[in-house]
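This report refers to the structure that appears directly beneath it.
All values below were derived from every heavy atom in this structure, side-chain atoms included, with hydrogens, water molecules and symmetry-related copies excluded. Every chain is numbered from 1, with letters handed out A, B, ... down the list of sequences.
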Amino acid sequence: MKIASWNVNSLKVRLPHLTQWLADAQPDILALQETKLEDAKFPLDELAAAGYRAVYSGQKTYNGVAILARHQPIDLVTDIPGLADPQRRVLAATIGAPEADPAQALRVVNLYVVNGKAVGDEKYAYKLDWLAKVREFLAGELARHPRLVVMGDFNICPDDRDVYDPVAWGEDILCSPPERAGLKAITDLGLHDSFRLFEPGNGHFSWWDYRQAAFRRNMGLRIDLILIGEALKSVARAAAIDREPRRWERPSDHTPVTLELDI
DNA sequence: ATGGTCGAAGATCGA
C-alpha cells in the first residue's frame with residue numbers, strides 16, 4: 001500500500017497535475033491540503049473517473065483539506081474538541097476494504113497546519129494554540145486507532161537537516177523552537193516521522209518558494225510529513241519525496257511525499 | 001537589501 005500527502009495550492013488549478021500524478025504514482029490513499037474550494041465545487045466526478053473516492057472539508061479561497069482513497073473513507077472528523085475554528089484544516093477518516101477485518105483499516109488524519117506568518121504575529125499565537133489542541137485530539141485518536149497515520153503540510157521543519165540554509169533561516173517562522181516543540185509534543189505521543197526511518201541525510205525538501213528560482217537552486221524546506229504510529233513502524237517499507245510534479249508547468253509550490261507500507 | 005511569485009480575488013491578502 002502506498003500513502004501520500006500533497007499540498008496542491010488550489011485543487012481547481014492543479015486538477016490536471018493531480019490526475020496525472022494519480023495515474024503515475026498510483027497511491028492508495030492521498031491527503032490533499034490547500035484545496036481552496038467550497039465543498040459544492042469539489043471535483044468528485046473527475047476523481048471517480050480516476051478511480052478514487054474522496055472526502056473533503058473545504059472553504060472558499062483559503063485552506064481546505066481532502067482525502068482520496070481507493071475505498072470509501074468513513075467515520076469523518078472535521079472539527080476537534082476545544083477548537084472552534086472556521087478554518088478548514090483538519091480531516092480524519094478511516095479507510096479499509098469493506099470486506100476486510102476492521103482491525104486492518106487505517107485511520108488517517110490529514111492536517112493543514114497553520115503557517116503562522118512570523119514569530120510574534122497573532123497568527124503565530126494561533127498556530128501554537130492550534131498545535132496544542134490538535135495534539136490532544138491526536139492522543140485520543142491514537143488510543144482508539146493504533147494503526148494511525150497523521151500526514152499533511154505541517155508548516156514546521158522538524159530539524160536543521162530539513163532546511164536548505166539553517167544558519168540563514170535561523171529561528172524564523174517554520175523553524176522557531178516553540179513550533180518545533182509543538183511538533184515534538186505530537187511525535188512524542190508515539191508517532192514517527194516516516195521519512196527519517198529511511199533517510200537520515202539533509203537536503204531533502206518538499207516545498208520550494210516560487211520566488212528566486214528556489215526550486216532550481218534547491219532552496220527548500222521539508223515541511224510535509226507522514227507520521228505513523230508504532231503499530232505501523234514495522235510494516236513501513238519505503239519513504240520518498242517525488243519531486244517530479246514540482247518540475248511541471250505551473251506547479252504547486254509543494255511536491256508529494258509518499259510512504260509504502262507492507263499491508 | 002524586506003525584494004521576488006503564485007492563487008484567489010478583482011484591492012490586496014495569505015503563503
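The residue A/F215 sits apart from the nucleic acid: no heavy atom pair falls under 4.0 Å.
In this view, A/D165 satisfies the side chain to side chain donor-acceptor pair (under 3.5 Å) rule with no residue, not counting sequence neighbours. Contacts of A/T187 classified as side chain to side chain contact (heavy atoms under 4.5 Å, CB included), with partners at least two apart in sequence or in another chain: A/L183, A/K184, A/L227. Every residue was checked against the side chain to side chain contact (heavy atoms under 4.5 Å, CB included) condition with A/A125, not counting sequence neighbours, and none meets it.
Judged purely by atom type and a 3.5 angstrom limit, A/R107 has no side-chain atom pairing as donor or acceptor with the backbone of A/V150.
When hydrophobic side chains of Ile, Leu, Val, Met, Phe, Trp and Tyr are connected at separations under 4.5 Å, A/L68 ends up clustered with A/W6, A/V8, A/L11, A/L15, A/L18, A/W21, A/L22, A/L30, A/L32, A/L37, A/F42, A/L44, A/L47, A/Y52, A/Y56, A/W248.
If A/D253 and A/R14 are placed on DNA chain B by their nearest nucleotide, the residue sitting closer to the 5' end is A/R14. Between A/D209 and A/K123, the residue anchored nearer the 5' end of DNA chain B, judged by the nucleotide with its closest heavy atom, is A/D209.
Distance noted for atom C1' between B/dA1 and B/dA11: 27 Å (whole Å). Using atom C1' as the reference point in both B/dG14 and B/dA9, the two lie 12 Å apart (nearest Å). Nucleotides B/dT2 and B/dA15 place their C1' atoms 15 Å apart, quoted to the nearest Å.
For residues 14-30 of chain A, no residue pair satisfies the salt bridge (charged side-chain N to carboxylate O under 4.0 Å, His left out) rule, not counting sequence neighbours.
Where DNA chain B meets chain A (any atom under 4.0 Å from a heavy atom), the bounding nucleotides read 5' to 3' are B/dG4 to B/dA15.
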